[in-house]
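These numbers come from the heavy atoms of this one structure, side chains and all, not from hydrogens, waters or symmetry mates. Position 1 is the first residue of the sequence, and the numbers go up from there.
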Amino acid sequence: MVAAFLGLRLYSVLGQRAEHEEESIPTHRETPAQPRKAEQAQRDEVIPQNSQQFQESPSIVPAVERGVREIAAADRSFDITSFIEGAKAAYAIILEAFWKGDRETLRELCDSDVYESFDAAITMREKAGEKLDNRLIRIEESVIDRASLDGKTARLAVRFVADIAAVTYDKDGTMIAGSLDDAIESRDVWTFMRDINSSDQNWLLDETDEG
C-alpha cells in the first residue's frame with residue numbers, strides 16, 4: 001500500500017493546526033477554440049465514461065470527477081485506488097511524525113511553506129515543555145473533495161474524517177488536556193500537488209484546512 005503511493009505527503013495538526021494563507025485551487029478555463037475541444041475529446045477517449053476506475057467510486061465526489069479524469073488522462077501512472085489507500089497509510093505516518101516532533105520526516109514530506117508552519121507549532125510546544133500522547137484510532141472516511149490540473153501541476157484535495165485520542169502533558173508530566181479513553185472526531189481537507197512531468201512520483205502537501 002505504501003509502495004504504491006511512496007512518498008505521499010500529508011499532514012495534520014490536532015487542536016493546533018498550522019495556520020497559513022489559503023490558496024485557491026486553479027480551475028481549468030474553457031475556451032471556444034477547436035484545438036481545446038479536440039484535446040478534451042482525446043482525454044475523454046483515453047478515460048472512458050464507464051471506466052472501472054471511476055464508476056461509482058465512493059472515493060470521488062461526483063462534482064470533481066472531471067478533474068480526476070483529466071489528471072488520470074495526463075498521467076497514465078495515476079490510479080485512484082492506490083492514491084486513496086496510500087493517502088490513508090501516509091495519514092497515520094505523518095500524524096505520528098508531528099506528534100513526536102519528528103522534523104526530519106516532516107521536512108521530507110511537505111513543501112517549505114507548510115514545513116515552516118509545522119515547525120513553528122512544534123517549537124511553540126517545545127518551549128512550553130508540553131508533550132503529546134495522541135493515537136489514531138480509525139479513519140472513518142477518505143474522499144477526494146477537489147481535483148484540478150493546472151498545466152502540468154496536478155492538485156487533489158482529500159477530505160479525511162478520523163477518530164483520534166489526544167492527551168497533552170506539561171513539562172512536569174502532568175496531564176493538562178485530553179483523554180485516551182475518549183476519541184475526538186477530526187475533520188481535515190488536505191491538498192496534495194505533483195508535477196506530472198516529473199520522474200518523482202511523490203505528492204507534496206500544498207495546503208491544509210479543517211473539514
Side-chain angles (χ1 to χ4, degrees), residues 1-23 59 82-146 155-194 200 202-211:
M1 180 167 59
V2 174
F5 195 76
L6 181 62
L8 171 65
R9 314 317 189 189
L10 308 175
Y11 303 83
S12 175
V13 180
L14 180 62
Q16 296 182 0
R17 292 184 175 83
E19 296 182 359
H20 54 84
E21 187 173 315
E22 182 175 347
E23 301 175 2
S59 299
S82 296
F83 180 90
I84 291 296
E85 290 303 312
K88 290 163 65 178
Y91 182 90
I93 294 172
I94 302 308
L95 282 177
E96 188 72 15
F98 174 75
W99 294 335
K100 290 183 176 180
D102 183 353
R103 288 183 173 85
E104 182 177 353
T105 297
L106 294 175
R107 191 188 301 274
E108 294 175 355
L109 303 179
C110 65
D111 65 21
S112 58
D113 290 339
V114 176
Y115 170 76
E116 289 174 3
S117 296
F118 282 95
D119 176 59
I122 293 172
T123 298
M124 183 179 300
R125 193 170 69 208
E126 290 174 342
K127 287 182 178 180
E130 297 177 350
K131 293 185 178 180
L132 302 181
D133 183 11
N134 297 354
R135 302 174 188 178
L136 175 62
I137 306 302
R138 68 181 64 84
I139 298 175
E140 298 284 359
E141 182 179 282
S142 54
V143 178
I144 294 180
D145 194 65
R146 297 187 302 273
R155 286 187 172 86
L156 286 166
V158 179
R159 172 164 42 86
F160 286 97
V161 178
D163 293 332
I164 297 174
V167 172
T168 302
Y169 295 94
D170 65 14
K171 60 183 179 180
D172 298 320
T174 302
M175 182 186 300
I176 58 176
S179 170
L180 290 179
D181 296 326
D182 298 319
I184 300 173
E185 183 180 84
S186 178
R187 292 175 173 267
D188 300 279
V189 176
W190 295 339
T191 302
F192 324 112
M193 62 176 292
R194 189 177 82 82
D200 186 354
N202 296 341
W203 291 78
L204 295 176
L205 178 67
D206 184 50
E207 183 180 343
T208 63
D209 293 294
E210 294 186 26

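For the pair Leu106 and Ile94, the minimum side-chain heavy-atom distance is below 4.5 Å. Residues Arg146 and Arg155 form no side-chain contact, since every pair of their non-hydrogen atoms from C-beta on lies 4.5 Å or further apart. Side-chain contact between Val158 and Trp190 is absent, with no heavy-atom pair separated by less than 4.5 Å.
Here the shortest heavy-atom pairing between Asn134 and Ala166 reads OD1-CA, 3.2 Å. Scanning both residues, Arg125 and Gly101, for their nearest heavy atoms gives NH2-N, 3.6 Å. When all heavy atoms are compared, the tightest approach of Gly178 to Val167 is C-CG2, 4.0 Å. Here the closest non-hydrogen pair linking Ser179 and Ala165 is O-CB, 4.0 Å.
Remark: Arg107 does not engage Glu104 in a salt bridge, criterion side-chain N to carboxylate O under 4.0 Å.
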Side chain to side chain contact (heavy atoms under 4.5 Å, CB included) evaluation trace for Phe160 with Lys88: CA-CA 9 Å; Phe160 286 97; Lys88 290 163 65 178; 4.2 Å; yes
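For the side chain to side chain donor-acceptor pair (under 3.5 Å) test, no residue two or more places apart in sequence or in another chain qualifies with Glu116. Every side chain to side chain contact (heavy atoms under 4.5 Å, CB included) that Ala183 has, sequence neighbours left out, goes to Ile137, Asp163.
Looking at Arg194, its side chain does come within 3.5 Å of a backbone N or O of Asp200 through a donor-acceptor pair. Within the 3.5 Å criterion, the main-chain N or O of Asp172 finds a donor-acceptor partner in the side chain of Asp170.
Here Ile122 contributes atom CD1 and Arg103 contributes atom CZ; the two are 5.0 Å apart, rounded to the nearest 0.5 Å. Residue Lys100 holds its NZ atom at 12.0 Å from CG of Leu132, rounded to the nearest 0.5 Å. How far CG of Asp206 is from CZ of Phe192: 10.0 Å, rounded to the nearest 0.5 Å. Here Arg138 contributes atom CZ and Glu185 contributes atom CD; the two are 11.0 Å apart, rounded to the nearest 0.5 Å. Of the inter-residue distances, the one linking Glu141 atom CD with Arg187 atom CZ reads 6.5 Å to the nearest 0.5 angstrom. To the nearest 0.5 Å, the span separating CD1 on Ile164 from CG on Asp188 amounts to 7.0 Å.
Note on ring orientation: taking the six-membered ring where Trp is involved, the planes of Phe118 and Phe98 are perpendicular (angle over 60°, cut-offs 30° and 60°).
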